[in-house]
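Counting begins at 1 with the first residue of the sequence. Values below: all heavy atoms of this structure, side chains included; hydrogens, waters and symmetry mates excluded.
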Amino acid sequence: MARLARAIGEPTRIGMLTLLMEGRALTAKELAFGAGVRPSTGTTHLRRLVDDSLVIVARQGRHKYFRLASPDVARCVESLMSVASPVRETKAGPDSPLREARLCYDHLAGCLGMQITEALLARRLLNVSGREFVPTRKGERHLAGLGIDLPALRRSRRRFACACLDWSERKDHLGGALGSALAARMFESGWLRQKHGTRCVTVTKTGRTALAEYFGIDWTG
């Protein structure tokens, strides 16, 4: 753990990991310049990240591309983002697609994730209990109507409906098995599309109608 903390805690390396949070594979030069260092310096930091299993590298032609090694690494970096104050990422500024709507591992985050969570609470489909969300009876019927199998989710080993702190909105959005199932259902229904090679999400025309019908959200993002 001490070695991992030293690897992540170095400013250049955390800068590189943050750049990779968008989900795209980047070259060593892109990561070095994005982190504000020379390519030769960047190579040394990338070697450390690879050695500590935080980043993986793949060759394509003459180029090497780097990406986060696993969802666990993304979860770790996002947790650090949620407690860092203030957020100063240029790639996640006020008009960034990453801020607007994105996947937080496998559930929805950003402005879209927050609006859905707030709509579920405002309509009394969810209640808050500590760091967990709890569907009301009305909420269980509503979610079942969306095709979500709540009993199956409750049987899984994963936390059912935990509150996940959103690093860009600085509020809790719906995570856990329920958050994942809701996002998956929205993708299956064609309401959402994921931008290729990133964690950014776009809402389709059908999705805008569905957000208004099922959540009372007038999505203009």
Side-chain angles (χ1 to χ4, degrees), residues 18 21-23 68 71-72 74-87 89 91-136 139 142-143 146-148 150 153 158-221:
T18 301
M21 285 293 287
E22 285 195 16
L68 297 181
D72 287 337
R75 184 177 295 110
C76 178
V77 176
E78 189 127 17
S79 295
L80 290 172
M81 287 177 174
S82 72
V83 296
S85 179
V87 175
E89 295 178 86
K91 283 184 170 288
D95 300 320
S96 168
L98 198 63
R99 252 182 211 274
E100 187 174 276
R102 68 180 183 276
L103 285 175
C104 178
Y105 324 121
D106 58 0
H107 57 269
L108 295 171
C111 183
L112 177 61
M114 280 307 312
Q115 286 195 32
I116 290 174
T117 301
E118 290 174 351
L120 290 169
L121 291 169
R123 292 187 162 201
R124 298 185 178 180
L125 303 175
L126 289 181
N127 286 330
V128 178
S129 177
R131 297 294 298 159
E132 302 288 328
F133 292 107
V134 182
T136 62
H142 186 84
L143 293 166
L146 290 173
I148 296 175
L150 294 177
L153 297 181
R158 187 173 182 179
R159 289 174 66 185
F160 174 66
C162 59
C164 182
L165 183 60
D166 194 299
W167 60 260
S168 59
E169 298 297 312
R170 297 306 174 98
K171 298 178 182 179
D172 290 329
H173 59 245
L174 176 63
L178 180 56
S180 174
L182 181 58
R185 190 75 188 96
M186 295 175 76
F187 280 110
E188 291 167 3
S189 300
W191 302 354
L192 305 176
R193 291 198 185 98
Q194 185 176 356
K195 292 183 180 180
H196 180 70
T198 77
R199 295 189 302 135
C200 297
V201 171
T202 58
V203 180
T204 65
K205 184 177 180 180
T206 302
R208 292 174 191 269
T209 301
L211 286 174
E213 179 181 351
Y214 290 101
F215 303 101
I217 296 172
D218 181 17
W219 181 254
T220 57

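Smallest separation of non-hydrogen atoms from L153 and A181: CD1-CB, 3.8 Å. Between Q194 and L103, the shortest heavy-atom contact is OE1-CD1, 3.6 Å. Nearest heavy atom pair, residue W219 against residue Q115, reads CZ3-NE2, 3.7 Å. Contact detail for F133 and A163: the closest heavy-atom pair is CE1-CA, 3.6 Å.
Side-chain atoms of T206 do not come within 3.5 Å of backbone N or O of G190 as any donor-acceptor pair. Formation of a donor-acceptor pair under 3.5 Å by the T136 side chain with backbone atoms of L126 is not found in this model. Between the side chain of R185 and the backbone N or O of L146, at least one donor-acceptor pair lies under 3.5 Å. For the pair H142 (side chain) and Y214 (backbone), a donor-acceptor distance under 3.5 Å is present. Without hydrogens or angle criteria, T204 side chain to G207 main chain gives a donor-acceptor distance under 3.5 Å.
Between V128 and D172 the shortest side-chain heavy-atom distance does not fall below 4.5 Å. At a threshold of 4.5 Å between non-hydrogen side-chain atoms, the residues N127 and L121 do not count as touching. Between L108 and T117, every side-chain heavy-atom pair lies at or beyond the 4.5 Å cut-off. L211 is listed as a side-chain neighbour of V203, based on a closest heavy-atom distance under 4.5 Å.
Distance check: L120 CG to H173 NE2 gives 13.0 Å after rounding to the nearest 0.5 Å. Rounding to the nearest 0.5 Å places CZ of R193 at 11.0 Å from CZ of F187. To the nearest 0.5 angstrom, C164 atom SG is 3.5 Å from H107 atom NE2. Distance check, rounded to the nearest 0.5 Å: CD of E213 to OG1 of T209 gives 8.5 Å. The line from CG of L143 to CG of L125 is 7.0 Å long, rounded to the nearest 0.5 Å.
Between R99 and E169, no side-chain nitrogen of the basic residue sits less than 4.0 Å from a carboxylate oxygen of the acidic one, so the salt-bridge criterion is not met. Ion pairing of D166 with R102 is present here, as a side-chain N (NZ or NE/NH1/NH2) and a carboxylate O approach within less than 4.0 Å.
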Exercise. Determine, step by step, whether E100 and T202 satisfy the side-chain contact (heavy atoms from CB on, under 4.5 Å) criterion, reporting the C-alpha distance in whole Å, the side-chain angles of both residues, the deciding distance to 0.1 Å, and the verdict.
Key: CA-CA 9 Å; E100 187 174 276; T202 58; over 6 Å; no
Practice problem: Could you walk me through whether K195 and V201 pass the side-chain contact (heavy atoms from CB on, under 4.5 Å) test, one step at a time? | Solution: CA-CA 6 Å; K195 292 183 180 180; V201 171; over 6 Å; no
Self-check item: Criterion side-chain contact (heavy atoms from CB on, under 4.5 Å) on L150 and L178, from CA distance to verdict
Solution: CA-CA 8 Å; L150 294 177; L178 180 56; 3.7 Å; yes
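When the shell of 6.0 Å around CZ of R158 is examined, it contains more than 12 heavy atoms from other residues, nucleotides or ligands.
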